[in-house]
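Worksheet: one structure, shown below.
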Amino acid sequence: MLEVCDLRAGYGRMEVLHGVSVSAVSGRPTVVMGANGVGKTTLCRAITGLIPLRSGAILLDGEDISRCDPAERVRRGVALVPEGRQVFPEMTVRENLRLGAYVHGEPTAAQFDDVAELFPILAERQGQMAGLLSGGEQQMLALARALMARPRVLLLDEPSQGLAPKAVAQVGQAVTRIASRGVAVLLVEQNLTLAEMIARHAVVLESGAVAAEGPADELLSSGAVEASYLGH
Amino acid sequence: MIDLFVQQLVNGLALGSTYALVALGLTLIFGVLLIPNFAHGEFYMLGAFLTYAMVLAGMNFWLAMALAVGAVILLGCLVDRLAFKPVEQAPPLSMMISALAASIILQQSAMLIWGGEARTIPAPVTGVLRTPFFIVTWMQLIVMASLLLAAAGVWLVLNRLRLGLAIRAVAQNRDAALLMGISMFQVRLATFAIGAALGAIAGALLGATFPIYPTMGVNPVLKAFVVLVLGGIGSLPGAVFGGLFLGVVEVMVAGYISSELSDIGAFAILVAVLLLRPQGFFGQAQVER
Amino acid sequence: MSLLELEKLGVRFGGLVAVQDVSLAVEEGQIYGLLGPNGAGKTTLVNMISGLIRPTSGSLRFAGEAGGPWPIADAVSRGIVRTFQQTRAFLGLSVRENLRIAAAASGRAADAAELIEAFGLGPVLDRPAGDLPYATLRHLGIALALTLKPRLLLLDEPAVGLTGGEVDRLARLIRDWNLRGVTVLLIEHNVRFLMSLADRVAVLDRGRLLFEGTAADCQRNPEVIDVYLGRRKEDA
Amino acid sequence: MPRTDLLRVTVAAVALFLVAATLALRLDDYLLYVVTLGAIFATLAVSFDVLLGYTGYLSLAHGALFGVGAYACGILTAHHGWPFWAALPAAGLVAGAAGAVIALLAFRTRGLYFAVLTLGIGLIGHQLFLVLAGLTGGVGGFVGIPSPGRPDWVPLDQNGWNALLALALLLATFLAAQLFVRSRLGAACLAVREDLTLAQALGIRVGQARLAAFVFSAIFTGFAGALFAAISNFVAPESFTVLGAGFQLVALVVVGGMGTLWGPILGAALLTALPEALRVASGYSLMAYGVLLLVFVIFAPRGLASLATAGLARLRTGAGFRAAPAGERRP
Amino acid sequence: DEIVVGDLHPITGPANFYGLPESRAIQLAVEEINAAGGLSVGGESHTFRIQTEDTQANPTVGVSALKKLVSSDVRFVIGPLSSGVGPALFPIIDRSDAITQIIDGTIAEGVTNGRNIFRNQATVSQYDVSVVALFKAKGYGSVTMMTDRFHAGFVGTQPALAASLKELGAEIAGEEGYKLGDTDFSATLTRVASRNPDVLLIRGYPAEGALITKQARQLGFEGQVVWEMVSPPSTVLKNISAAEMEGVYNCIPATTEDYIALGNEKAIALEEAYRARFNEPAGELSVLSYDAVHILKAAIEKAGSLENAAVNAALADLTVEEVPQLISDYVPGEGGQLFDDKGQVTLRSAVSVWQGEGWHPATDVIR
Ligand SMILES: Nc1ncnc2c1ncn2[C@@H]1O[C@H](COP(=O)(O)OP(=O)(O)OP(=O)(O)O)[C@@H](O)[C@H]1O
Ligand SMILES: Nc1ncnc2c1ncn2[C@@H]1O[C@H](COP(=O)(O)OP(=O)(O)OP(=O)(O)O)[C@@H](O)[C@H]1O
Ligand SMILES: [Mg+2]
Ligand SMILES: [Mg+2]
């Protein structure tokens, strides 16, 4: 579904990604791992168009979207749950969700029901300012908000950061369900528990390029990955 | 016999609504785009002059005002494109200097076109309303009504329209807003258009009671910044309340203490308010995490 | 005698009771873990101990001296130093400048060369902190705190966002400095990391102290499992 | 290492001063006056940047503090017969004291709130110059301020002497600011600018640091005001308005380059010379000024200093532009 | 040979509305003089050349403008306009024996010396003479004064004027201030209306004058409104309707439009030349600038020398009759001199009343 081919991107004069190819396919949730600063967040930002790419292509169902502005990419079905939550703190939970569906106009009642089913706590708190939610709830909101855009490709950048173990489990269950509905999931994650729970396929980045790739259960337990990724 | 206090209160509210009307557009542009738009005073000035020119050419005041608003909207978007967009990535103070430069350029253009002489737009409505308790001119009532309408209009746009949702989202978190599929270009355009329109409306209405001249926007915009901060940055009710508060304070000081001290009094109150509430009346205290 | 003793510390924000009647004691030389669900009040507790916010009730003693919490500058001069959940450094300045500022501020600076060496900052000394890789930035945040030669170091989720190898390195660094006499109060959601370091742990829930004891006891405590850890297999 | 660095800067500054003074004294009276004004504004800009660029607070009250220095000097010399050399430090102290009071009030706020609070204070100050007519001469201005005394052995006329004093004051201010920003207080100010909360958490007495920065800049602003009054022989409140002097200072520093000490000098030189050069445009001079100001901000949004630094770096490496140095990245 | 005349006025900035017509009138006068053969000094023929420098009505800019003139060897200066600039230039020119200045604009006190600085504009105290004459004729019992606090001239003479009016038996019901650019006077005027003095005296500029008059009426003030300001009807009518102005007095010496209204032929000629050249009516102070050039010419010719000292002496001695081109109505001193020993002219005081579309001499007050 989403195919990233030979992508190069960076900041200023520094190039961070030197030709990365990954893909996210429906029914095969993929996890991207790699040491700190290897460029995982950069990859997410480049796919969504927050930073320009220097070369390469981003194909969505075979069509190159690398020229589109971020709004257009969202319209075509790419949604990102950014690193560090990034909710709209002085808007209510409901308004945050409405913004999630911005590209489609107003969300339907069915969409709200859907969210209520996945994250009951959000339905309960829909009138509360998002900034006053606890960290875990904010993370759920960010996820729910991305779902409102009815994405075909869902990018998640370290959704477990700062979450208590129990909250991590909740997020894991939610993403698994979303993936099971046919959404292509690309997950950036350091938390092995969550990665194992969600991903069927894994990609390891090293010095701005793909170092290893394979089925998640094999790769995540292999010593080779530990060596490069965990830095032992 | 007119009760002086009630009359002074009405005077203050009338003055305050002129401050608030100018402050509305400034609040919007600063609150959303973080641009300290000193050229807002020039939107105000041009709204007045364009209305004046058309009224003088024989046009109906309200029609002239509508056309002037349209013209200033175009101009506002142009100013954004030429003066603010290019320094988007620079430190915020560079934005302030480019705003000052833009306002010099606009003032001087008006100076070349119309000259520096003060003039007043023939008022569309004249006469005063005399009640047993106070006197107020119809024009003042129109200004107050326009303030309420404009504030309500902006509130509705921000809180009821999808566009408003987008504008507020950009104000709170630009990157996240982009991820929602909001087009920065549209939001920027809309914000500047609404801001400039508010400035032009204020200019046309106030130009029908006050003298207009190329530098007429300078003092109102300073006052508007004071109002912005008094009310709490980015707060719409704050801008309205802050404007009215400043107007009433100035009038009370001038009316009961001394006209010579009205400025000192007003700014002393500003200082006092900020000492007691450093975030303004409606502003949120910043939380450190 | 304990280094830090909290006596019924509590704070409310408007109607919300964020921390309520928390009493605990940290011994000199310990690494003390602080756990709890999101929003339990851990950061708020650290904010009070470090003097960033004032408690609405309760008090603390530090090194035998009663009358705390003190305003932040006084707390620092007594040796209580904290880091931040979202790493803070002077992002616009070079690493060298960052360390210079911390040293100039405290007047009782630790040996800069040693810190630079220990935290691997040597190669990036002249880069602006804002351009640093994330893990390095986290290290810088801790190095800045250590520049002040703290007696008690409050670490708020130092391992968040770090990959496995970096987490282990961080654990080593914390243990090293602990062995050199720095008492540590550590907040962390990475349970394996925390349990591997902590001598004792406390668990907060909704502002109250839920559990206090050894790491091993904590992991077996059914209440803690219920509100925090969830099912057993996830604390791996 | 820092000490030898300071020595280098000092030597370079003194050498530049000598060159500037020698060159200036060959100019005719008009250009000499422009140089004198430029040096006074550069003094203002350098001291202002200690607060704006190094501590991160935008004060709009400095136009009024400039006036406090000027009026203090006028009152002491014209009304009380003090010699200029006694009035100069006194004016600095008066402005410094006024600055301390303003700082204690205004530092309760931050960001735009601080700017607008000081704007209010600046407006009050300007109004006070008008209202306290007994002391200041009110709107009519303060007439008859004696020129700075000129020793007999100086082979210069009054205009030359004025210019020399202005350049010397600039030199002194520059060196004092160098010392300040390199001191412990200066480090603390940088910390305040970059991250107030972190600064507090590192035990930095932020109140003390920013107060020191404010008072430092107020004192030197006062010196500049005193010299301005003495060389003008006359001052009026309209020289000390928020819109005029207050924003002018911001423009000097931003156009020159915030967070460097020589950037503001470039800014002051440019923005003093520009209107004079634009006199040829007569009726269009203000318009041209506006356009050029806009052009400068767009092409050098981080100030002339960063442009110059980048140019130097390019010369040195012979390659593309480098990013601005760390100190200039943010307000 | 060319004699360079420095023209020092606000060409840009907020005061250019007053400054530009002055600068242009100087230009017209100079062109006229040159076309008619220039000046003859000691048998030699000279022409005038103008060097214009902008003051922006700002003291500092004004000083550097003056320095620029002096550095280009200009020794005769006409100007400046603003009361902020005049005093700033004074100490410099007062010290210099190589500059002769004729002030055609500012009315602030204390900026002439009768040695090398002269003024053919009235002072505020001369305005006040007309006010006193009006009060004497009408016997008003009380007055509230509203003065532009930013106008040094008016502020400076306020105590003296108040004293004079008190002497006439008028009660000073209030002394209020406002400032240029103010738009709302309701607080003060509410108070004024409640006290209801016989006279509201407004001292400043016409835009605010018109606004104050309007607002005072709206708030129920029924007494006499008296202005003390340069206020050509064209400007007044841009800000207030003729009906609202009916019966208002103005107490100042005549200005360009008044002279034209009075049928002064030289004024009409100037107005026509001005319109032909600049395509708009002359400014209210244009006649003074025009006069100043002719005064300078007459003095140089009288001195028979281009030396400042000689010209200064000639100026001090100059009689009104020796300058037939003068438009304004100067009252000669005892020996017929134009300037008194302080270098100040006396312009005939006048009171006018608004009737219909403009000012008319108030014949019931001053014949
Ligand atoms: N805005 C920026 N400007 C300049 N450099 C940046 C910027 N953001 C990131 N970098 C640099 O780009 C590199 C890649 O950063 P990125 O955030 O993509 O890494 P990451 O793999 O997501 O790391 P982490 O695991 O810490 O989230 C790092 O070296 C970082 O320092
Ligand atoms: N200044 C404040 N005003 C209002 N509520 C606050 C404030 N600071 C914290 N809170 C609330 O207090 C509670 C405790 O917050 P705190 O940040 O201490 O949690 P935490 O235990 O550190 O959680 P996490 O693990 O997510 O970091 C939360 O519900 C939070 O919303
Ligand atoms: Mg990342
Ligand atoms: Mg926390």
Side-chain angles (χ1 to χ4, degrees), chain D residues 27-38 40-41 78 126-127 130-131 133 137-147 157-159 162 228-229 231-241 243-245 248 272-273 275-290, chain E residues 7 10-14 16 19-20 23-24 51-74 82-92 94-96 108-111 124 147-159 177 179-180:
Chain D
L27 299 171
D28 67 29
D29 269 2
Y30 162 60
L31 293 176
L32 200 58
Y33 180 70
V34 176
V35 168
T36 311
L37 272 189
I40 288 177
F41 277 101
H126 175 243
Q127 292 287 322
L130 289 168
V131 172
V139 62
F142 197 119
V143 185
I145 304 169
S147 295
D157 65 359
Q158 188 67 47
N159 294 327
N162 289 348
F228 177 73
I231 65 147
S232 308
N233 305 128
F234 166 85
V235 291
E238 57 204 285
S239 295
F240 311 115
T241 57
L243 272 174
Q248 174 76 2
T272 314
E276 295 301 329
L278 288 174
R279 280 185 179 279
V280 295
S282 89
Y284 296 89
S285 59
L286 271 178
M287 172 73 102
Y289 180 78
Chain E
D7 157 21
I11 308 299
T12 61
N16 85 336
L20 206 51
S23 172
R24 288 169 166 181
Q51 183 172 341
T52 303
E53 291 300 340
D54 189 3
T55 66
Q56 294 182 8
N58 173 313
T60 312
V61 180
V63 169
S64 72
L66 175 69
K67 299 246 178 189
K68 181 160 187 205
L69 288 175
V70 173
S71 290
S72 2
D73 269 336
V74 177
S82 353
S83 45
V85 180
L89 304 188
F90 180 79
I92 304 172
D94 187 46
R95 270 202 301 267
S96 162
E109 308 280 340
V111 291
V124 188
T147 306
D148 182 344
R149 288 194 284 120
F150 278 16
H151 194 298
F154 287 126
V155 172
T157 63
Q158 178 118 336
K179 61 185 197 303
L180 193 66

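Since the model is a prediction, treat every value here as computed from it, not as a measurement.
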Spacing of CD1 belonging to D:Ile231 relative to CG belonging to D:Asn159, to within rounding of 0.5 Å: 9.0 Å
Quick one: CZ on E:Phe150 to CG on E:Leu180, what's the gap to the nearest 0.5 Å? 8.0 Å
dist E:Leu66:CG -> E:Lys68:NZ (nearest 0.5 Å) comes out at 12.5 Å
Under a 4.5 Å heavy-atom cutoff, which of E:Thr60, E:Ile11, E:Leu89 has the most pairs with chain D? E:Thr60
If you count heavy-atom pairs under 4.5 Å between each of E:Lys179, E:Glu109, E:Glu53, E:Lys67 and chain D, which one has the most? E:Lys67
Is there a donor-acceptor pair closer than 3.5 Å between any side-chain N or O of E:Asp7 and the backbone N or O of E:Thr52? no
Under 3.5 Å donor-acceptor, D:Ser232 side chain and D:Ala229 backbone: no
Where does D:Gln127 contact chain E at under 4.5 Å (heavy atoms): side chain, backbone, both or neither? side chain
Turns out that what part of E:Ala65 lies under 4.5 Å from chain D's heavy atoms comes down to both
Measuring from D:Leu278:CG to D:Ser285:OG, what's the distance to the nearest 0.5 Å? 6.5 Å
Is there a donor-acceptor contact under 3.5 Å linking the side chains of D:Ser147 and D:Asn233? yes
Go through the atoms of D:Tyr30 and report whether side chain, backbone, both or neither lie under 4.5 Å from a heavy atom of chain E. both
Chain D heavy atoms under 4.5 Å from E:Pro91: which part of the residue, side chain, backbone, both or neither? side chain
Atom group of E:Gln56 that falls short of 4.5 Å from chain D, counting heavy atoms: side chain
Give, for atom CG of E:Asn58 and atom OG of D:Ser239, the distance between the pair rounded to the nearest 0.5 Å. 6.0 Å
Under 4.5 Å from any heavy atom of chain E - which part of D:Leu37: side chain
Looking only at heavy atoms and a cut-off of under 4.5 Å, which of D:Val143, D:Leu130, D:Val131 has the most pairs with chain E? D:Leu130
With chain D as the partner, which of E:Gly156, E:Pro87, E:Gly13 has the greatest number of non-hydrogen pairs under 4.5 Å? E:Pro87
Go through the atoms of E:Val155 and report whether side chain, backbone, both or neither lie under 4.5 Å from a heavy atom of chain D. side chain
Whatever's closer than 4.5 Å to a heavy atom in chain D on E:Ala88 counts as both
